[in-house]
Visitor: 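Structure provided below as structure tokens; questions to follow.
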Amino acid sequence: MTVLSKFRALRDEHAAVAAAGRDPFGVSFDAVLSATEAVLGGRRILLLGTNNYLGLTFDPDCIEAAAAAVQDQGTGTTGSRIANGTYDGHAALEGRLAAFLKRRSAMVYTTGYQANLGALSTIAGKGDHLLLDADSHASIYDGARLGHAQVTRFRHNDPDDLRRRLRILSSQPGEKLIVAEGIYSMLGDTAPLREMVEVKREAGAWLLVDEAHSLGVLGESGRGLAEAEGVEGDVDFVVGTFSKSLGAIGGFLASDLDGFDALRLSARPYMFTASLPPAVIASVMQAIEVLEARPELRDRLRRNGQHLHEGLAAAGFALGAMPGPIISLAMPDRETAVMFWNGLLAEGVYSNLALGPATPGGKPLLRMSVSAALTPAQIDTAVNAITRTGYAMGLLSVPLAAE
């Protein structure tokens with residue numbers, strides 16, 4: 001027995017998943033060729049599980065900006081901004097983000113995960129209340145645990161349940177902070193933000209929206225769900241990440257509230273983490289320029305999502321009602337999900353195997369994320385591969401040849 005013996009059941013479970021074929025938690029690409037293709041085991045495969053929504057990881061201008069920053073300022077900062085100082089790029093990016101988001105203030109974190117840790121553990125303190133959607137991302141739950149606020153969960157995307165829980169809390173002192181996501185990462189559904197804003201107003205609460213998967217995807221200017229729904233003025237805090245549409249790594253918190261800079265002195269995940277390296281700062285700055293200058297990327301992403309959704313629905317798969325950049329196939333059980341993921345990889349398509357407890361209700365999913373960089377031919381290839389795999393697994397009743 002060792003201090004790690006408590007993980008024996010988890011190790012056994014992982015070994016069982018890996019024994020069915022390739023280990024889905026240990027995929028190591030030989031090479032990544034573009035935003036849509038990689039080499040795995042000596043074979044070219046199609047990337048359909050990257051969150052690379054606008055395809056900017058290989059944007060020439062973003063690469064050039066990152067390379068120039070490395071030449072000029074080195075590879076890293078080797079410490080936190082409080083200890084090692086703020087580089088000019090950090091402040092410039094925060095100003096650029098605030099301008100893009102039409103907010104007075106913004107602060108940059110080293111990851112999107114840490115942005116949620118810092119925001120939720122700090123904004124809501126002892127005696128306050130956090131109201132979290134039941135399907136919230138792990139970083140939201142972890143941020144809530146790191147702080148001292150009371151946590152109340154409401155049913156996923158259910159404004160009426162949120163209203164009921166706020167009424168129960170109405171007699172209790174402390175601020176109430178509601179947390180929702182622009183696009184939920186597992187099923188790709190969006191929050192009913194207009195209705196939640198009405199509840200927020202009734203209760204005199206505050207609202208934080210995590211736009212991680214909706215930044216660059218939704219809204220006329222790509223600011224996310226709040227822009228798309230016309231309620232940006234009612235959203236008090238915006239959290240997001242650079243690791244999806246902006247093709248890099250990092251995160252941010254933005255707001256219009258007075259006293260925002262106090263969070264720089266109190267958010268531990270901001271204060272005690274090494275700051276982003278110059279290359280990442282530079283590439284993100286350039287990615288924001290691309291996001292603003294090329295709205296056609298969002299149009300292409302929307303068309304690609306609709307193309308994939310319609311193709312899979314026509315094949316007979318049961319899908320969510322709303323086409324979007326995230327499309328998930330519900331699997332009847334874990335074993336089927338693992339076999340489907342392996343079968344799809346054998347067909348030359350990389351997707352995400354999503355297993356409980358990280359999924360809604362702990363149900364296994366095959367998750368795909370669309371990119372604007374995908375061509376119509378690549379999407380057709382993916383649809384055909386997924387359909388063949390579904391038929392081979394007995395999940396579809398009609399043979400591909402008869403369609």
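Reckoned from all heavy atoms, side chains included, excluding hydrogens, waters and symmetry mates. Note that this is a predicted model, so its numbers are computed, not measured.
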Visitor: Please tabulate, for side-chain N and O atoms in residues 60-73, each donor-acceptor pair with protein atoms closer than 3.5 Å (sequence neighbours left out).
Guide:
none

Visitor: Only one of M196, E195, K200 forms a side chain to side chain contact (heavy atoms under 4.5 Å, CB included) with L162, so which one is it?
Guide: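 When side chain to side chain contact (heavy atoms under 4.5 Å, CB included) is applied between L162 and each of M196, E195, K200, only M196 qualifies.
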
Visitor: Tell me the ring-ring contact (aromatic ring centres under 6.0 Å, His included) pairs involving residues 333-359, sequence neighbours left out?
Guide: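 Matches after skipping sequence neighbours: F29-Y350.
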
Visitor: Filter on ring-ring contact (aromatic ring centres under 6.0 Å, His included), then keep only pairs touching residues 274-295, sequence neighbours left out; what's left?
Guide: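 Every pair satisfying ring-ring contact (aromatic ring centres under 6.0 Å, His included) with a residue in residues 274-295: there are none.
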
Visitor: Please check if any side-chain donor atom of N84 sits under 3.5 Å from a side-chain acceptor atom of T78, or the reverse.
Guide: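 Indeed, the side chains of N84 and T78 share at least one donor-acceptor pair under 3.5 Å.
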
Visitor: Can T77 and S275 be counted as having a side-chain donor-acceptor contact under 3.5 angstrom?
Guide: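 Yes, side-chain donor-acceptor contact under 3.5 Å.
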
Visitor: So, using side chain to side chain contact (heavy atoms under 4.5 Å, CB included) as the criterion, who are the partners of E347 when residues are at least two apart?
Guide: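 Side chain to side chain contact (heavy atoms under 4.5 Å, CB included) list for E347, sorted by chain: A385, R388, T389.
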
Visitor: Would you please name every residue forming a side chain to side chain donor-acceptor pair (under 3.5 Å) with T241, sequence neighbours left out?
Guide: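 Once residues adjacent in sequence are excluded, the partners of T241 under the side chain to side chain donor-acceptor pair (under 3.5 Å) criterion are S243.
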
Visitor: Is it the case that H156 and D189 place a side-chain donor and acceptor less than 3.5 Å from each other?
Guide: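 Per modelled atom types, H156 and D189 side chains form a pair under 3.5 Å.
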
Visitor: Would you say the side-chain atoms of S136 pair up with the backbone N or O of I140, donor to acceptor, closer than 3.5 Å?
Guide: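 Absent.
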
Visitor: Going by atom types only, do Y109 and N116 share a side-chain donor-acceptor pair under 3.5 Å?
Guide: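 Judged by distance alone, the side chains do not pair up.
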
Visitor: The criterion is side chain to side chain contact (heavy atoms under 4.5 Å, CB included); which residues satisfy it with A228, sequence neighbours excluded?
Guide: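 Partners of A228 by the side chain to side chain contact (heavy atoms under 4.5 Å, CB included) criterion, ordered by chain and then number, come out as L218.
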
